[in-house]
Asks: 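If you scroll down you'll find the structure; I have some questions about it.
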Protein chains: 2
Amino acid sequence: MPPDNAQRKRQRVTIADVAAELSVAVSTVSNAYNRPDQLSPELRARVLAVAAQLGYPGPDPLARSLRQQQAGAIGVLFAERLRYAFTDPAAVLVLDGIASALEQADLSLLLVPGRADTTTTVQRALVDGFIVYSMLEADPLVGAALARRIPTVLLDQPPRAGVPSITVDDADGAHQIADHLLRFGHRRFAIITDRLSEPLTSTDLSLHEQAAHTFFVTQLRCQGYRTALEAAGLRWQDVPIHECADNSQADGAAAMQALLHMSPRPTAVLCITDRLALGALTAAQQAGLAVPSDVSIVGFDDIPSAAHASPPLTTIRQAHRDKGLLAGQALVALLRGEAVAERITLPVELVVRGSTEPAAGC
Amino acid sequence: MPPDNAQRKRQRVTIADVAAELSVAVSTVSNAYNRPDQLSPELRARVLAVAAQLGYPGPDPLARSLRQQQAGAIGVLFAERLRYAFTDPAAVLVLDGIASALEQADLSLLLVPGRADTTTTVQRALVDGFIVYSMLEADPLVGAALARRIPTVLLDQPPRAGVPSITVDDADGAHQIADHLLRFGHRRFAIITDRLSEPLTSTDLSLHEQAAHTFFVTQLRCQGYRTALEAAGLRWQDVPIHECADNSQADGAAAMQALLHMSPRPTAVLCITDRLALGALTAAQQAGLAVPSDVSIVGFDDIPSAAHASPPLTTIRQAHRDKGLLAGQALVALLRGEAVAERITLPVELVVRGSTEPAAGC
DNA sequence: GTATATTTCTGAAACGTTACAGACAAAAAC
DNA sequence: GTTTTTGTCTGTAACGTTTCAGAAATATAC
């Protein structure tokens, strides 16, 4: 299709053209669209007819939004790559929840691409507010969003004073699921996690230093594992941690393969997400190991496919969709000038399924 | 959190305030942000310092967009409920593809909620273009989008003159997969489809009448089934069609249960999507039937979980992600004033897996 | 030392609306 | 027959930027 068709950028028809054609005031044309009660039905009909004839596409949204000082959309900042939003099952559920909240408020949802090299998309996003979801605390995009000084809600983010935050009790979940394995008599653990800036092998201080470069939920979950294992008398330094570049099944499988070469082999593998766990599961089985009799594997998140794996995955359930819904509702409330809780922490629940059993010799 | 905190709508700081404070022209402040080469580094530093001190959040995106006549985002119209976009695996892949294309062009993606009762969200969407994806042709939202007279690409939609359209050869796919079953000797078919306005049991004319109220791909696929079956000497009127309200596994299962009560029972079930097929599969198995020996089941789309089902699903593969990518790229080209193909049709591929086998007695 | 660039800053005109106060006439109230 | 209300329509001032031609000052060329 040549560009010189109906979609070509031809001379723009504005409200002024319609007004001129009819010899009425521009405000009258405006009223025809926005306040039908402010003019006679006959005139309104004429205005609309002339507008159609002239090819006037209706009031320009940008001009209207500038005048009314509202964009009618909220922005979601999530992950480095926009496409990731559509790939991760847990994220999909969260976005679904956000979408539900917005739908009720007639707001649109702007997905802002998070290229690390520029913050301009955030600075120029036409939105009335932001939901910042699972970004690195040090990510410039987060700073750029907060610098906009528009209503913002943090979701799975380190809380900041003055900004409503919704978080999940990830540390508790990690603690619970590690405890579950400890009660089964497991003593040789390994951890498969997504990207850490450095292995979590040093002191608390170092934990804090690297915090800004580690995903908040990753931090919390690792902390949960740690406190549980240390409470059982295990030394954190002795627990092998395998770090994956991506939260994907493929990376989980690769990590598992690496762990299987260790000796003594771990009898329980703590995966920081279900996707990694599912990968680990298949890798273990392909290596000829039986799950859970040779090795117990647990995940985190209870994504839909966790229940359908064989064996089904023992994991930590959280209400992904409600989490998103809550965040969306909080932002909507903020936009309306209503009060909002500064901090909400959602509970988690241990879901025991077939991928775990007592350690051999118990 | 009380609304009177840092996020309260306080007196707004504009570029003029910064300029006044410094006794420079507003254009100088503007240049400090947008054209650093247009002013001395010292003055620029002073401007930025004063801006920070005054709490100026940077140039207002709405005003900038109005002035520059571009929103920096494109809108996607999809399904009735925004949340559906995040639920359907095929749609997720398509959106992922669209997102990739936009990411490269530094454009954001606006998901417009499609409430049938109002078109205002479409009319007011702050976007430079639209991708209309799998909407009912008669949906007012589609009309509203086209009425905006901004660059638009149709995806899995009935083509319209002057608007670039990207479609998939769904009819061919349906024909192929029906043929596959016919070659296996099947003669007793049933069809499970998503919402139709009326059962597809009448003449071609009626097909056209209801077209505007049926999803385009549903139409194409049903046509494909029909031509294949009729070419094999079967009468379309004799083929039971079960219509589902939603494209969900649950609805597919319910449909299958209904079909199982028929006698003679169909030996082959054509499902118009993989999700319906997966539901049908489990329902058949729960009813004590073996798939494929008692009944062959096929899907359409080759979503990721189709390969992981047991038995894995025979289906029609299409390049969901590439489809979205192509649509995104076409829209980007349109926005740049480049020429774009008016019509692209993507091929499909039959993927034979374990859910089909020759009919008993062959 | 004049003419020509170059750098740095300015002012006003858009961008296309909507909100609001008011003008005018016709209808309603007393 | 005056006042009050109602119904229609108008004009103008925002909304907060960016753009662009040009002014002023400073540097460069000859």
Side-chain angles (χ1 to χ4, degrees), chain A residues 9 11-48 50-51 54-72 120 123-128 148-150, chain B residues 9 11-48 50-51 54-72 120 123-128 148-150:
Chain A
K9 179 179 282 184
Q11 191 58 36
R12 219 172 204 253
V13 181
T14 75
I15 205 173
D17 299 322
V18 178
E21 178 73 20
L22 281 157
S23 307
V24 298
V26 289
S27 46
T28 300
V29 177
S30 174
N31 284 334
Y33 282 93
N34 307 305
R35 308 202 174 167
D37 56 316
Q38 292 293 302
L39 73 175
S40 64
E42 304 79 45
L43 180 55
R44 186 171 123 93
R46 276 205 299 145
V47 170
L48 264 28
V50 168
L54 258 45
Y56 175 61
D60 179 70
L62 275 173
R64 150 183 262 146
S65 278
L66 173 62
R67 177 61 234 240
Q68 302 195 140
Q69 294 291 79
Q70 50 163 306
T120 57
Q123 289 166 325
R124 301 187 180 180
L126 269 15
V127 296
D128 298 319
R148 286 277 300 266
R149 293 166 177 261
I150 55 179
Chain B
K9 179 177 283 185
Q11 191 58 38
R12 217 171 206 253
V13 181
T14 75
I15 206 173
D17 299 321
V18 178
E21 179 74 18
L22 281 158
S23 306
V24 297
V26 289
S27 48
T28 300
V29 178
S30 173
N31 284 333
Y33 283 93
N34 306 307
R35 309 203 174 166
D37 57 315
Q38 293 292 303
L39 74 175
S40 64
E42 303 79 46
L43 180 54
R44 186 170 122 92
R46 276 205 298 145
V47 169
L48 263 29
V50 169
L54 258 44
Y56 175 60
D60 179 71
L62 275 173
R64 150 182 262 149
S65 278
L66 173 62
R67 178 60 233 241
Q68 302 195 140
Q69 295 289 79
Q70 50 163 301
T120 58
Q123 289 165 327
R124 299 185 183 182
L126 269 14
V127 295
D128 297 319
R148 287 277 301 266
R149 293 166 176 261
I150 56 180

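Side chains included, hydrogens not; waters and symmetry mates left out as well; all remaining heavy atoms used. Computed from a predicted structure; not experimentally measured. Labels below follow one simple rule: chain letters A, B, ... track the order of the sequence lines, proteins then strands, and each chain is numbered from 1.
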Asks: For B/Arg124, which residues count as a side chain to side chain donor-acceptor pair (under 3.5 Å) partner, sequence neighbours excluded?
Replies: none

Asks: What's B/Leu43 touching, base or sugar-phosphate or nothing? Going by heavy atoms closer than 4.0 Å.
Replies: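 Sugar-phosphate contact only.
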
Asks: By salt bridge (Lys or Arg N to Asp or Glu O under 4.0 Å), which residues pair with A/Asp60, not counting sequence neighbours?
Replies: A/Arg12

Asks: Counting distance only, does the side-chain N/O of B/Asn34 pair as donor-acceptor with the main-chain N or O of B/Asn31 below 3.5 Å?
Replies: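 No: the side chain of B/Asn34 does not pair with the backbone of B/Asn31.
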
Asks: Distances under 3.5 Å between protein N/O atoms and the N/O atoms of nucleotides 25-28 of chain D, please, pair by pair.
Replies:
none

Asks: Please give the angle, rounded to 10 degrees, between the axes at the start and the end of the helix from C/dG1-D/dC30 to C/dC30-D/dG1, where five pairs define each axis.
Replies: 30°

Asks: Would you say A/Ser30's side chain and A/Val26's backbone share a donor-acceptor pair under 3.5 angstrom?
Replies: no

Asks: With A/Leu43, which residues qualify under side-chain contact (heavy atoms from CB on, under 4.5 Å), at least two apart?
Replies: A/Val24, A/Thr28, A/Leu39, A/Ser40, A/Arg46, A/Val47

Asks: Determine the contact category for B/Thr28: base if any of its heavy atoms lies under 4.0 Å from a base atom, sugar-phosphate if only primed atoms, P, OP1 or OP2 are that close, otherwise nothing.
Replies: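 Base: the residue B/Thr28, judged by heavy atoms under 4.0 Å, touches a nucleobase.
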
Asks: C/dC20 P sits how many Å from A/Gln38 CD, rounded?
Replies: 11 Å

Asks: Using atom types as modelled and distance alone, determine if a side-chain donor or acceptor of B/Arg44 lies under 3.5 Å from a backbone N or O of B/Pro36.
Replies: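 Checking the backbone N and O of B/Pro36 against the side chain of B/Arg44, no donor-acceptor pair under 3.5 Å is found.
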
Asks: CZ of B/Arg124 versus C1' of C/dG16: gap in Å, rounded?
Replies: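 Those two atoms, CZ and C1', are 15 Å apart.
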
Asks: Produce a footprint string for nucleotides 16-21 of chain D: one letter per nucleotide, 5' end first; B if the base is under 4.0 Å from any protein heavy atom, S if only the sugar-phosphate is, - if neither.
Replies: BBBB--

